[in-house]
Structure formats: structure tokens, C-alpha cells
Amino acid sequence: MANIQLTRGIIGKAMRDEEVPAQPIIQILGFKKISAQGGQDRYRLHVSDGEFSHSFAMLATQLNHLVHDNVIEQFTVVKVEKMVCNTMNNKRIMIILQLDVVAQGRDVGAKIGNPVSWGETPHPEPTGNGTNGRSAPAPTAAPTPAPAKAMNAPSGSSFYGSNSNNKSMNGGGKPQQSPKSQRPPLSNQELAGSVIPIRDINPYANRVTIRARVVNKGEIKTWSNSRGEGKLFSMEMLDDSGEIRMTGFNQSVDQYYDMIEVNHVYYISRFSVKNANKSFNSTAHDYELSFTNDTQVIPCLEDDSDVPTLSYNFVTIENIENVEAEKTIDVVGVCKHYSDCQTIVSRNTGKELKKREITLIDQTCKEINLTIWGKTAEDFCDDSQPIIAVKAAKVSDFNGKSLSLLQSSALHINPDISEAHVLRGWFDKDGHSIISQSLSGAGRVGGGGPAPFKLAAEANEVTTVDMEKGDYFMSKVTLMAIKRDNAVYKACNTDKCNKKVMDLGNGMYRCEKCSKETPNYKSRLMLNCNFADFTDNFWATAFQDHGESILGDTSEKLGDMFDNRSDEFDAVIKEALFSQYIIKFRSRMENYNNETRKKFTIVDLNKINHAEYCKQLLADIRESSA
DNA sequence: CCCCCCCC
């Protein structure tokens, strides 16, 4: 093991944020498990380039197996294929994302050279044999013996079976009794011999096994239609040849859903293969798989680093502007803020849906809203402004551009990928205080550029000449009053027609526009609202959707209240007052009774985010005092 | 066997 040359000086360069040579060779002097977010272990490394040593290096968590498998041990020499440096709490940290082992620690057996501890370390570095330095206890303390490398497939005891006897088998430790019609589990030899690449899956290839990494697992979904009802889940898997989707129904859900873990590799055999319906399947594969009663899923226990992990093809937020609606893209951004979880009712199915809006920002200084659904929305609660990476988010052109998660999308919080580390560094240093523009909703560019912020007094001064288009402005205002009368009106029930109908007094309603009389109508909102800030106040109209946001209920329920439970309706109005909003208004001159008057209409409305608003004010102050 | 991907 003589003559191993470390890349001297690389640590100094990395610490000084200078360009580092490609593929530097360094030695691991020790490592230490540290507590980490998300319950996942993280390893801090004590590394040396022969000149300096440094204990603020981190192993990307996808490389944890290298520690668990004793590949990284004391004195192991590695070639760093990929790493990033960040400054965290005034310390430079090296994050090693990819490495190759040059020589095993047990073969090297000693520290190479006489490295000096870098920088702020106040004490001399211990140099005793068999110790790893303060930050890195001896590896003998931590790892358990690695599984035998020669093992191709796991032993029968780790078999996740293909029938319901499984639990009793595990409980009693008895050999499995196959029920009559079922085939016995595949032997290890059968398994290993029949593994084919995912790319080669087709309906005629029987008795094959794939060895695949699960990169996404959807929520359990229930359905009920004329053909029956049931539950199902889908997952996406990949190997180095391709990707494929697999769906499990009913009892397969019970059997496999909890067992299958995202990012783990499994041997899967005895599935059924059918054509992929391209309109609902975003994978590149022509076929998709289903679990059968006979399907066998076996965790891959040996080293699975040859099976690729989820890879992204990120589009910057700025560039999402140019992506067509309905396309799916990968995106990574900082979760600048997020909304409460809301319950809405699907127009198509009548089902209640949970949703939450997340605002993402990246180095292009653009923001975009991402809508998340269901359990993901309910459970999302992370105030640390985490990095969010999404595989296959759907682009929509609602309110500018926005993103929405699909069942087949995958959201990852603080993924251990270089883009995320770089973004983190940017946001913590500069990004958090930057004035950014949103592609979604209020403040976005479009329709003649971003709307300027105006105080109420300034808004009142505006004399709009353009009768057609009008002027747009943003304002931070408090809701002072809502006129109760005419807040709700009965509108024509015809799709797309929202005209006010005439109550004929006989249970029928007439729409002049449609020339139709029906017993039906829909309740719609048209709120006359008074808004104020410290300079002045003005009246503005909030139609349907914005009215629902302000009053916090559906127009249907509000209409019922308005007609039948007047005091309840008054209470709703009272409750809505004195909320603060950031609102985008349109001001326009309108002719009414031979008089030209300026009218304000709400075009976008958001409850104020005080933290966000204060940041903007601070940025404004900085800019104007610079 | 789902096949909806929602709401403003």
C-alpha cells in the first residue's frame, strides 16, 4: 500500500472557496454518525489531503451504505468524483456526493503524511495510532458486520411472500405451507437467474424477475364506479435500463403497501404485464405491471449501488414561464412559504379534496406556486424553508404559471443532491433577502408588466384614461367594511352564464340573457368592500372567487344563509373584517347614470404574509438608502 | 379492476 498520493492542498483550496482539482484523492481519518433531519443517519467525515485535515466534511446520505458496508473505514483512501462546498454557520463544509474507493482502510492501515488540522481548530490534532481525532470515534464502535458480499439474493427468511400465510409464517417461524393452487416461492437461484432489465419487460416474457429501485409510491386510492369498487396504489421503479409503473389492487395493497419503501431495491417476479395507457402513465415504458396473487417481492439485501436512484431533469423556475400547460417537469426550489391546508370540493366528483399551496424560489429570483394534494398536503409542515425537489410536476397556466402535483409526481424535502446543496447555499447567503417575482398570482409579470405598489391615497389619485384596459396596482390594505345588501345575488344556472336572474315570484327565475325561465338558480357573490391603509380608503368589488376567499365559505352556503339565516350571514361578514391583504386591483373608468366614475375591482387577493411583507419592506429600505 | 389529478 505504499505510494498512495493524496491530492495535497485540496482541503485548503476548498476551504478558501478556490477551484479544486477534479477527482482529488483524500484519506478518511475517521467518521461520526450525527443526528439528522428526517430520521436519516448522516455521517460527518474527518478527511485529510496529507497536508491538512478537516472534520467538517459530510457524506451525502445516499452514500451511507459505504459506511454500513465497511467500505468507508478508518484510513480508507478515496477519489472524490463529486462534491460541493457550502458555508454553514460561518464554517465551510464539504459535502461528498460521489466517490470511488482507491484503497481500503484495512489495507492502508495508517495515516498518510502528517496533516495539520485546518483553520479554527483550537487544539492540536491528536496523532495517536488507532484514534480518529475528536470528532470521529473509532469505526469499530459503530458499524455492524456487513452482509456477505457474495450473496446474490436474500435468504428465505426475509421473503415477503405471495400469500396470506405470510404473517403466521413470520410469527411461528415455521416453514411456509403453500396453499393449494399457489406456486412455491422462487429459490435464490431461480431469482438470480431470471433477472431481466426493465427495458425488456413485455407481455410474453414469463417467469422473469426485475431488480428495481422504487422511486415513487403513490397514496392509496379508493374508487367506486359502475364496475365495482376497491382500492389501489401505484409505484414507479427503475433500473439502469429504464423505468416502469406497477399497480396493486385491493389485497395487494394490504400485502405490499407498507412493506415497500421508496428508494429501496427489490426483486419482483410473477407480475402481470399490460399496455401502458400513455395518457395516465408518465413513464417511458410501453408496458406497465400489476401485482397478482402470486407476485413475489423480495428486498435486495446486497449492495444495490449499481441500481440508479431517481434522477432529475430540472427546469429553472424562470424557464417554467416558457413551458406549455399540461406538460410535466422537474423543479427544485426553496419553500419560501406555504399556505394552510384547505378543503375544497371537486367540481367533477363532488369529493372533498385537501390542498396546500407552496411557494418555491430559485436562483433565477423567480417564484412559482406549487399545489400539493391529499395526505401530502395535510402532513406538510416545515417552517425551516426546506429545499423541495419535485419529479414530474404538472405545469398549469392558472394565474400566470403554476405547478401542481399529480399522483405520479414525487416530492422530496431536502434531497441530498448537489442542486439542493447549491440552492441552500444561495438562499441562506443571498436568496432569502432578494426581491423576487412570482410567475403565479399577485405580483407576477404579465398584462403589461408587474403592477406597482400603491398606497390608498395614491390609488385614489389615479385618473385612468384607458377605459378599456384599465390600470393595475397592488396594495397592502385592511378590510374595513362589506356592504351587506346585494352581497349575494341569484344568477342564471346555465353553464358560463352568471347573469342576475329575475325572481318571478312563482318559484321560477328568468334569465334575460338566455331568455330562459327555470326553477333553478345559483348563488353568486359580489361584495362591495371598503379597504384602507394609513393614508386613505376606497371601495372595491370582490366577485365570486375572491368573495369566497374573503368570507371563507362557498357562495352556495352563503346564499342559503343570506336568504334564510340573516344573523348568521351578518356574523360571517363581521368575522371577515379587519383582515389584512395584499391585493391586486384593476382601476377602470366606468359610465354609470351618465356619470364617469373610477371603479376598483379585485383581480387577485392574498391574505398578508407578514414575514414576507416585512422582508420586502426591508429590501425597499435597503434599496432606497443605497 | 384505476385512468380522477381536482380548487381558485
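In what follows, chains are A, B, ... by sequence order, proteins preceding strands, each numbered from 1.
- Among the atoms of the strands shown, base atoms are found under 4.0 Å from some heavy atom of A:T371.
- The phosphate of B:dC4 (OP1 or OP2) has no side-chain N or O of A:R347 nearer than 4.0 angstrom.
- Atom CG of A:L289 is separated from atom P of B:dC3 by 19 Å (rounded to the nearest Å).
- Residue contacts for A:K274: at a heavy-atom cut-off of 4.0 Å it reaches a base atom on one of the strands shown.
- Applying the 3.5 Å distance criterion, the base of B:dC3 shares a donor-acceptor pair with the side chain of A:R245.
- Neither side chain, A:K336 nor A:Q385, offers a donor N or O lying under 3.5 Å from an acceptor on the other.
- For B:dC6, one of the phosphate oxygens OP1 or OP2 lies less than 4.0 angstrom from a side-chain nitrogen or oxygen of A:K394.
- Between A:W373 and B:dC5 there is no side-chain N or O to OP1 or OP2 distance below 4.0 Å.
- Residue A:W223 has its side chain nearest to B:dC2 when only B:dC8, B:dC2, B:dC6 are considered.
- Counting to the nearest Å, the C1' atom of B:dC6 and the NZ atom of A:K375 are 19 Å from each other.
- Under the 3.5 Å distance criterion, with hydrogens and angles disregarded, a donor-acceptor pair is assigned to the side chains of A:Q251 and A:N293.
- Using a 4.0 Å heavy-atom criterion, one finds that A:N250 contacts the bases of the nucleic acid, with or without backbone contacts as well.
- Distances shorter than 4.0 Å separate none of the side-chain N or O atoms of A:K221 from OP1 or OP2 on B:dC5.
- Between A:L403 atom CG and B:dC5 atom C1' there is a gap of 14 Å when expressed in whole angstrom units.
- Counting to the nearest Å, the P atom of B:dC1 and the CD atom of A:E288 are 9 Å from each other.
- Spacing between atom CG of A:D604 and atom C1' of B:dC8 amounts to 10 Å, rounded to whole angstrom units.
- One interatomic measurement links the two molecules: CZ of A:F233 to P of B:dC2, which rounds to 16 Å at whole-angstrom precision.
- There is a side-chain donor-acceptor pair under 3.5 Å between A:D382 and A:S384.
- Taking atom CZ of A:F291 as the reference point, atom P of B:dC1 lies 16 Å away to the nearest angstrom.
- Side chain to side chain, A:S475 and A:K454 fail the donor-acceptor criterion of an N or O pair below 3.5 Å.
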>> Show, in sequence, the C-alpha distance, side-chain angles and deciding distance for A:K327 and A:E324, and conclude whether the salt bridge (charged side-chain N to carboxylate O under 4.0 Å, His left out) test is met.
In response: CA-CA 6 Å; A:K327 288 244 157 44; A:E324 280 171 58; 3.4 Å; yes

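- One cannot find a donor-acceptor pair under 3.5 Å joining the base of B:dC2 and the side-chain atoms of A:Q407.
- The residue A:E219 sits apart from the nucleic acid: no heavy atom pair falls under 4.0 Å.
- The CG-P distance, from A:L406 to B:dC6, rounds to 7 Å in whole Å.
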